[in-house]
Visitor: 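Before anything else, here's the structure in question.
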There are 2 protein chains.
Amino acid sequence: MRDVSEKAGLSLITVSRALRQPETVQPDTRDKVMRAIDEIGYVPNLMARSLVSNRSNMIGVVVPILTSSLFADFAQGVAGVLQRHNIQMLLGVSQRSTLQEEEAVRTFIARQADAIIVTGFTHTDTCRKMLAGFHGPIVETWNLSDKAIDLSVGYNNFAAAADMTRYLLGKGYREIAMVGGAFENNDQATDRRDGFLSAMAEAGRKVRPEFILSVPNPTTIQSGADLMMRLLDGPVRPDAVFFQAELPAQGAMMACLSRGIRIPEDVAIAGFGDLSLSALLPVPMTTVRIRAQDMGERAANLVLGRLAGKASSNAGQDIGYDLKIRKSA
Amino acid sequence: MRDVSEKAGLSLITVSRALRQPETVQPDTRDKVMRAIDEIGYVPNLMARSLVSNRSNMIGVVVPILTSSLFADFAQGVAGVLQRHNIQMLLGVSQRSTLQEEEAVRTFIARQADAIIVTGFTHTDTCRKMLAGFHGPIVETWNLSDKAIDLSVGYNNFAAAADMTRYLLGKGYREIAMVGGAFENNDQATDRRDGFLSAMAEAGRKVRPEFILSVPNPTTIQSGADLMMRLLDGPVRPDAVFFQAELPAQGAMMACLSRGIRIPEDVAIAGFGDLSLSALLPVPMTTVRIRAQDMGERAANLVLGRLAGKASSNAGQDIGYDLKIRKSA
DNA sequence: TAGCCAATGATATACGAATGTCATTGGCGG
DNA sequence: CCGCCAATGACATTCGTATATCATTGGCTA
């Protein structure tokens with residue numbers, strides 16, 4: 001900035017004013033400053049500015065994973081809204097580990113992020129403590145809960161899984177197996193499992209313990225295929241399998257088709273998440289559609305509103321879900 | 001930090017030393033400091049630290065898009081490596097606009113990023129000028145070029161498209177159409193187109209002008225389906241269509257199948273990018289596989305090496321590509 | 001021509017930490 | 001008991017910018 005002021009033949013203070021309170025300097029002085037700025041290629045140091053203003057214009061976001069998942073849509077939704085407001089997104093990938101989430105949150109706080117957006121309601125104790133001491137808005141996403149730390153934007157995983165289960169039951173499937181991701185430290189996964197169990201109980205159906213399964217994280221097509229093979233070779237064969245993640249469901253479908261097992265006649269398959277390709281599979285996937293990008297945009301807007309001083313009219317937003325009934329179940 | 005020193009009954013300076021040069025303070029003093037730190041929940045302000053040290057430990061990354069694309073894999077690759085080194089990723093989404101890329105780069109520079117990773121070699125003039133004045137490592141990715149600004153990690157789009165085209169020609173297809181994304185400001189897309197044209201010319205095949213097509217950005221399943229419909233209804237029907245993006249290829253496949261057009265007997269389809277589901281489609285997609293996550297990891301490692309002072313042994317890295325010959329062509 | 005106001009300049013301070021230069025303290029050995 | 005050294009403290013300065021306060025300048029109006 002000093003260089004700019006010299007180049008323009010003005011005092012340092014005038015340059016600062018031209019940038020921060022343009023109305024207090026003459027238009028032609030402003031022009032001189034601007035010309036000097038782009039002759040020199042001066043870019044103000046936002047860190048120094050933040051140090052004084054106590055506002056970093058950065059927002060931290062933690063997602064469990066990005067590859068072939070709706071979390072990429074979510075992140076893009078957040079980034080899009082933030083960019084329009086000249087706010088930078090700090091992105092952390094937790095690999096579904098609450099410890100890595102904690103680490104990401106710690107970094108966000110250390111870097112003076114103005115707000116923090118995390119996935120889910122499950123956090124380590126230290127992470128909770130840090131968030132409690134954090135002074136900006138906090139958004140928990142991808143689920144709903146009455147014990148939110150602050151704001152939340154998500155959908156009801158329990159109800160979504162229960163609805164899909166009821167649909168399957170209504171179609172006459174009786175021996176329904178369920179495959180989740182790893183359940184530990186994942187409220188979304190456990191809520192879906194509980195939703196499934198609840199709907200089964202409500203219909204008076206017992207669930208075989210060996211029909212409650214999970215695939216390791218990160219969930220992959222392959223793990224779904226492998227698990228399906230084992231299920232098909234087991235003593236009792238399910239007539240429907242409800243996958244609570246989309247990739248394993250797709251893998252399972254591939255496994256069945258390659259063994260000549262018909263879907264949904266021999267075994268029905270339902271997924272969760274509705275990746276863009278699910279409708280294009282050999283047997284279009286019956287699944288639960290989640291509008292992830294919309295969720296990201298809402299989370300970002302909620303944060304921006306709060307930062308702009310608006311009282312949050314809607315601290316817990318439910319974005320809902322849709323059952324996409326296609327051919328696989 | 002002042003609070004910590006009071007809590008621990010030590011001077012501010014000792015706390016600072018305990019954190020930055022632990023060997024200069026007694027172990028038990030260090031412990032006192034540490035205990036005070038987590039009783040208070042003190043988190044050092046990295047912005048202030050950066051201001052002095054002239055190192056932000058942040059690296060800016062621009063991708064064109066995240067949703068259902070390999071760029072999500074790429075971003076995850078970068079993020080993973082950086083997190084292990086306590087470096088924060090700043091992510092910008094350019095929506096394939098060089099202007100938005102410029103804006104993202106400007107922000108990265110203003111925020112004192114230590115390095116910048118961008119997609120492709122096409123940038124606005126101001127963006128180029130800013131990058132030229134930037135003092136840290138710069139990586140251009142997703143393509144190769146001999147006019148790289150600094151470092152690069154990518155693959156040869158021209159050669160990849162040419163190879164696939166040669167494969168199609170070898171299979172006996174003659175009337176081959178090509179569908180790219182929008183070509184303006186996208187060196188990857190134009191290189192692929194040129195690779196296609198070059199291979200066709202080399203085989204002595206003329207390409208009908210109406211067989212050089214493009215779908216608007218962002219590329220979608222739907223746009224591929226629509227375009228395929230128009231192609232099929234045109235005066236001359238191609239016997240193969242080479243899509244240079246994966247989603248439109250998948251949409252095109254869906255459009256064909258729903259109209260009872262057989263793939264590859266009536267028309268062959270080839271894609272580019274190999275999303276994880278491409279192998280699972282009704283007709284598994286013949287496509288070009290790009291190891292995006294690996295590319296991200298390499299880019300990140302290249303940058304880290306440079307920042308650590310290593311001379312870049314390998315300023316332009318070629319990660320290659322694989323033709324994935326499946327059923328659709 | 002006195003007086004006023006707008007535009008600009010000068011100076012100091014703050015933000016939170018890093019760091020260099022000395023000064024002080026306490027413990028130990030000789 | 002003196003002197004030395006290690007550990008700790010005090011103080012000042014720096015990073016790049018914002019901002020509050022006060023001083024100066026010049027042009028315009030009454």
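Chain letters run A, B, ... following the sequence lines, proteins first, then strands; residues in each count from 1. The model shown is predicted, which means the values in this text are computed figures rather than measured ones. Side chains are part of it too, since the values below use all heavy atoms of this structure and drop only hydrogens, waters and symmetry mates.
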Visitor: Considering only side-chain heavy atoms of T29(B), which listed nucleotide, dC11(D), dA7(D), dT17(D), is closest?
Guide: dA7(D)
Visitor: Can you find a side chain N or O atom of Y42(B) that sits less than 4.0 Å from OP1 or OP2 on dA17(C)?
Guide: yes
Visitor: May I ask you to list the residues of residues 16-28 of chain B, by number, that have any heavy atom positioned under 4.0 Å from an atom of DNA chain C?
Guide: S16(B), R20(B), Q21(B)
Visitor: Keeping the roles fixed (side chain from T190(B), backbone from N186(B)), state whether a donor-acceptor pair exists under 3.5 Å.
Guide: yes
Visitor: Nearest whole Å is fine: how far is dG16(D) P from E6(A) CD?
Guide: 14 Å
Visitor: Can you tell me how the ring of W142(B) sits relative to the ring of F71(B), calling it parallel under 30°, perpendicular over 60° and tilted otherwise?
Guide: tilted
Visitor: May I have the distance from L10(B) (atom CG) to dT25(C) (atom C1'), rounded to whole angstrom?
Guide: 14 Å
Visitor: Do the charged groups of D28(B) and K32(B) touch, with an N to O distance under 4.0 Å?
Guide: no
Visitor: At what distance, to the nearest 0.5 angstrom, does CZ of F108(A) lie from OG of S56(A)?
Guide: 11.0 Å
Visitor: Taking all non-hydrogen atoms of both residues into account, name the closest pair between Q76(A) and T67(B) and its distance.
Guide: OE1-N, 3.1 Å
Visitor: Quiz question: by atom type and distance under 3.5 Å, do the side chains of T126(A) and E102(A) form a donor-acceptor pair?
Guide: yes
Visitor: Just the rounded figure in Å: distance from P of dT17(D) to CZ of R111(B).
Guide: 14 Å
Visitor: Nearest 0.5 Å, what's the CG-CD1 distance between L151(B) and I117(B)?
Guide: 9.5 Å
Visitor: Look at atom CG of D125(B) and say whether more than 12 heavy atoms of other residues, nucleotides or ligands are closer to it than 6.0 Å.
Guide: no
Visitor: I would like to know whether D31(B) and R35(B) meet salt bridge (charged side-chain N to carboxylate O under 4.0 Å, His left out); could you show each step before the answer?
Guide: CA-CA 6 Å; D31(B) 285 353; R35(B) 247 176 297 124; 5.3 Å; no
Visitor: Given atom CD of Q112(B) and atom C1' of dC15(D), what is their separation to the nearest angstrom?
Guide: 10 Å
Visitor: Taking the side chain of I13(A) as its heavy atoms from C-beta onward, which of dA18(D), dA10(C), dC11(D) lies nearest to it?
Guide: dA10(C)
Visitor: In whole Å, what is the span from the CZ atom of R30(A) to the P atom of dA6(C)?
Guide: 16 Å
Visitor: Specify the residues of residues 43-56 of chain B, ordered by number, for which at least one heavy atom lies under 4.0 angstrom from an atom of DNA chain C.
Guide: P44(B), N45(B), A48(B), R49(B), L51(B), V52(B)
